[in-house]
Amino acid sequence: MRVVTAAQPLDVQPTPLALLLLGREADPKSERGVECPGDLPAPSDPDLVERARAAKAKLGDRVFVLGHHYQRDEVIEFADVTGDSFKLARDAAARPDAEYIVFCGVHFMAESADILTGDGQQVILPDLAAGCSMADMATAEQVAECWDVLTEAGIAEQVVPVSYMNSSADIKAFTGKHGGTICTSSNAKRALDWAFEQGSKVLFLPDQHLGRNTAVRDMGMSLDDCVVYNPHKPNGGLTADELRAAKMILWRGHCSVHGRFSLDSVNDVRERIPGVNVLVHPECKHEVVAAADQVGSTEYIIKALEAAPAGSKWAIGTELNLVRRLANRFAAEDKEIVFLDKTVCFCSTMNRIDLPHLVWTLESLADGKVVNRIQVDKETESFAKLALERMLALP
């Protein structure tokens, strides 16, 4: 038996993934970032709000700040527009005179804005570590391997890729190159209707739940029409016969926030709050969506609560920052709005964009220093834009 002593340390080399998680290396092809160069102001600085106002005023019309619905209130305060990821990217494209687009969201959103904005505009992400766990679950290499599996099964020519907006520029480009389209949670059915006019099968990336819920709930397919491709298993964990029989090939990805909600959450809130309306995002699990009263995108959720009668009760299955903001907004109308789960759950990567990062970004730009610019290479941009344009052309 070999005894390891202090004089004989174990020669253990951390894996690249371990180094990435430890923050010692960066993968430029990953949604994750590990560094935010520069000296951030202290979170306790009492002058942060005034500093943000001053820097934004100094920049004037040169800067356009986008705030995703899931951002903190302290960040939303400085947003020129708020919305979901695609709406914000289009808002940015509609402001060609803005030299700087500061996207308070996550990495794939900033990429989409860079794809849709002009060459003279620069898209900035206040914290490069603001990624998306769902987008991370499908890499370009994994999806290329999946396509090889579909080719070997003899079905690639029948398959049309449909990628959720919540995906990296690389995945959007793959989709465009292979004749597919992008979708949002609002137009997923329209995108799938279009895809099934082009082929007999769909590869849906990267959120299995949105794909399954749309196919089964909105299009009348059965759960048996869907299979899940697991990129961490040989051939996706599926046989060639299973792939040939499937209509929907769902990528094994999910949202870390919406994936937390369970059927128990729904049953519990109905017991605690009699007469409650359960309203959830379609990124939730199928059993949660099936048990809910209403299902819809972030924009749908907001509009449903705006139209709700005074005194109504709602349990919302989406990110907590938005739920809390809506609860405060409609409290005066006697609308009771609660988070669907008892466990508090923010989107951890969205919450990386905080006031210190925003102040640092705006002050740097005001001083003439561009920081954390997000740039998509021209070839990737070209194919990704093709997929986005197909979505924009949907009837």
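We use all heavy atoms of the structure for the numbers below, so side chains are in, but hydrogens, waters and symmetry mates are not.
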Do [X] and [Y] make a side-chain contact, defined as non-hydrogen atoms from C-beta onward lying under 4.5 Å apart?
X	Y	value
Lys172	Met165	yes
Val280	Phe261	no
Val102	Leu66	no
His68	Thr82	no
His281	His209	no
Leu250	Asp207	no
Val289	Arg217	yes
Met391	Phe86	yes

Checklist line | NZ/NE/NH1/NH2 to OD/OE distance under 4.0 Å, Asp91 and Arg95 | finding: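 No, Asp91 and Arg95 are not salt-bridged.
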Check: Do Glu306 and Lys335 sit within salt-bridge range, that is, some charged N less than 4.0 Å from a carboxylate O?
Finding: no
Margin query: Check this for me: Arg252, atom CZ, are more than 12 non-hydrogen atoms of other residues, nucleotides or ligands nearer than 6.0 Å?
Written below: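 No, not enclosed.
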Notebook entry, point to check: If you draw a 6.0 Å radius around NZ in Lys247, do more than 12 non-hydrogen atoms from other residues or ligands fall strictly inside?
Noted result: no
Item checked: Which atom of Gly211 lies closest to which atom of Phe204, heavy atoms considered -> N-CE2, 3.4 Å
Note to self: For Asn372 versus Pro126, what's the shortest heavy-atom pair and its separation?
What the structure shows: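 Residues Asn372 and Pro126, closest heavy atoms: ND2-O, 3.2 Å.
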[X] and [Y]: side chain donor to acceptor below 3.5 Å:
X	Y	answer
Thr361	Ser364	no
Thr298	Tyr70	yes
Tyr164	Glu283	yes
Glu299	His69	yes
Thr318	His258	yes
Tyr100	Arg62	yes
Asn351	Ser348	no

Margin query: Determine whether the aromatic ring centres of residues Phe64 and Phe103 are separated by less than 6.0 angstrom.
Written below: no
Note to self: Please say yes or no: joined through hydrophobic side-chain contacts below 4.5 Å, possibly via intermediate residues, are Ile171 and Leu192 part of one cluster?
What the structure shows: no
Next item on the list: Please say which of Gln198, Glu197, Lys201 ends up in a side chain to side chain contact (heavy atoms under 4.5 Å, CB included) with Val160.
Entry: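 Among the candidates, only Gln198 passes.
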Next item on the list: Test salt bridge (charged side-chain N to carboxylate O under 4.0 Å, His left out) on Arg352 and Asp127 and set out the steps.
Entry: CA-CA 7 Å; Arg352 294 194 68 99; Asp127 186 352; 3.2 Å; yes
Notebook entry, point to check: Applying the side chain to side chain donor-acceptor pair (under 3.5 Å) test to Asn213, which of Gln208, His286, Lys285 qualifies?
Noted result: His286
Notebook entry, point to check: Hey, what's the ring geometry for Trp147 with Phe174, parallel, tilted or perpendicular (30° and 60° as the breaks)?
Noted result: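 Judged by the thresholds at 30° and 60°, the geometry between Trp147 and Phe174 is perpendicular.
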